[in-house]
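What follows is a short report on a single structure.
Note that the coordinates shown come from a computational prediction; the quantities given were computed from them, not determined experimentally. Protein chains get the first letters and strands the later ones, always in sequence-line order, with residue 1 at the start of each.
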Number of protein chains: 2
Amino acid sequence: MTFEYTPPKYAQLIAELERRIDSGEYPPGSPLPSEHQLMAEFGMARPTVVKALGVLRDQGWIVTHQGKGRFVRGRPAMPTAQQVRTGRELLDRNEAQVSGRLLSAGEVEAPNRIATYLGIKPASPVVLRRSLVEHDGEPIEISSAWLPVAVADGTALAESADLKHGVRRYVESAAGASLDHIVEHVTARNPTKEECGLLGVKSSAALLTVYAVACDATGRPWVVVETVLPGDRHELEDAYPIL
Amino acid sequence: MTFEYTPPKYAQLIAELERRIDSGEYPPGSPLPSEHQLMAEFGMARPTVVKALGVLRDQGWIVTHQGKGRFVRGRPAMPTAQQVRTGRELLDRNEAQVSGRLLSAGEVEAPNRIATYLGIKPASPVVLRRSLVEHDGEPIEISSAWLPVAVADGTALAESADLKHGVRRYVESAAGASLDHIVEHVTARNPTKEECGLLGVKSSAALLTVYAVACDATGRPWVVVETVLPGDRHELEDAYPIL
DNA sequence: TTGGTGCACTTGACTGGCCAAGTGGGCTTC
DNA sequence: GAAGCCCACTTGGCCAGTCAAGTGCACCAA
């Protein structure tokens, strides 16, 4: 019994056209072969050709002008499935894979900012799990996760043992739903005394802090992951289309 | 002579299904009517129904499981056409509309960071246009635009007069191509002496700095717009999907 | 020369139909 | 009763063709 997988025809056409654009055979600005030419060359019906071209348009490879044709834009410079984002990385980070040490794991009163993000009353009890992340023996980052006690209850998140998986896995099983999107808040501030000692920076240093609120598909927040980085050693990168 | 515009059938189906999901008629988690049921109800052929459902899936309204059906997720919480982004706002900002004053406009040597972003040699000549932005008489932000002289030449960008349009307009006409996407770099640092005076902050304050590199479709950088904000008075927000 | 007409070519929207593949429940058979 | 098969229903993929709408150029007439 053999399992042969042949991709759908339209996917083959997509791959071939991407190859030709990448190779320079279809340089940016040049017109693509018309739908009928592609039908003839690849032996496909028109809807199949159109479907493939629609995907290429949605991904930014080409632009179409009704009555004129389709024109090459080039390999989309924007990574279509976005790049590494701070919040996503924090959510899926595995404590066993990054070197560092757990600072605390337990119940605290929610600071105003965290309470706002989680949609709960200030000073409500939340579970805070905080770690110092090191690289080559140097402290580089303090990362924290804040959850309502109702979510953290019964999970390993409030325990002092290393987590086997990222925070996301625990939250999703407690939530019974999958996390859908992240809202990030970035700001700069001076360190607290504790952070000075942990990160080994002066009290006048500028810290970059990122709060990432992870929500389900209905927009309900489930967890806030936070990271604090010395600004002189790190920068965040992000890319997005204009308009 | 009358011009009546009737949207395509598939667009009408999209609108109607979005309405039903929004109204709660199709609550989250519930199955949508099958393709054949929708064909019967709306009098459309199957490809038309499938096209509409494909758009709803791409926009995050529904999920599909082959063999089982399509299921409602709810109104996508992620704004599909993204929200206001710092870099985009800077690029399209009109000097006549924001209150502030021009600090400088002319040729300087490119700092290392700017030269790297623009893909030119450090200390190459670039045109720097820098403004102090105020709100209610208080300084809140220093915004700058950096361009290779070849791009700025012949435009109003190097002149001391107020710009009639945003930077983007001038760059696009000089480039002969439209700007396609932005790569943002965010970091935190202490202010320079000059910035202390302009922004009215202490020398130990934490400043949030955003560098936005605007590129065309081929990834070539054309301009860097920069903003410097006191971290205690501003924060950046961004939302994106998980996976 | 200039202006307008018409046609060829392009993409957009839609129809009606086909077969394949995944899912789940009911039925048959052991 | 349990295992396995079959079938109905779902979505995925594909085809052949129609009509509409936008673009540009060749051609023709004033």
Legend entry - Pairwise side-chain hydrogen bond (donor to acceptor under 3.5 Å, both in side chains) hits with a residue in residues 41-55 of chain A, at least two apart: R20(A)-E41(A), E35(A)-R46(A)
Legend entry - Option from R93(B), H234(B), E141(B) for which side-chain hydrogen bond (donor to acceptor under 3.5 Å, both in side chains) with T227(B) holds: E141(B)
Inset, instruction - Anything under 30° is parallel, anything over 60° is perpendicular, the rest tilted; go ahead and classify Y170(B) against H165(B). - result: tilted
Legend entry - Approximate separation, where rounding is to 0.5 Å, of E107(A) CD and L128(A) CG: 11.0 Å
With a 3.5 Å cut-off and sequence neighbours excluded, list the donor-acceptor pairs that the side chains of residues 145-156 of chain A form with protein atoms.
residue: W146(A); atom: NE1; partner: E226(A); partner atom: OE1; Å: 3.0
residue: T155(A); atom: OG1; partner: A152(A); partner atom: O; Å: 2.6
residue: T155(A); atom: OG1; partner: L157(A); partner atom: N; Å: 3.2

Inset, instruction - Kindly calculate the angle separating the two end axes of the helix from dT1(C)-dA30(D) to dC30(C)-dG1(D), each obtained from five base pairs, and round it to 10 degrees. - result: 20°
Inset, instruction - State whether the side chain of D238(A) and the backbone N or O of V183(B) hold a donor-acceptor pair below 3.5 Å, judged by distance alone. - result: no
Legend entry - Span of DNA chain C in contact with chain A (heavy atoms, under 4.0 Å): dT10(C) to dA13(C)
Inset, instruction - Could you list the residues that satisfy side-chain hydrogen bond (donor to acceptor under 3.5 Å, both in side chains) with E184(A), not counting sequence neighbours? - result: Y240(B)
Legend entry - CZ on R129(B) to CG on L102(B), rounded to 0.5 Å: 5.0 Å
Inset, instruction - Going 5' to 3' through nucleotides 5-15 of chain D, assign each nucleotide B (protein heavy atom under 4.0 Å from a base atom), S (under 4.0 Å only from sugar-phosphate atoms) or - (no protein heavy atom that close). - result: -----BBBBSS
Inset, instruction - With M44(A) as reference, evaluate V50(A), L38(A), V49(A) under the side-chain contact (heavy atoms from CB on, under 4.5 Å) test and give the passing residue. - result: V49(A)
Inset, instruction - Inspect the surroundings of CZ in R130(B) and state if more than 12 heavy atoms from other residues, nucleotides or ligands are less than 6.0 Å away. - result: yes
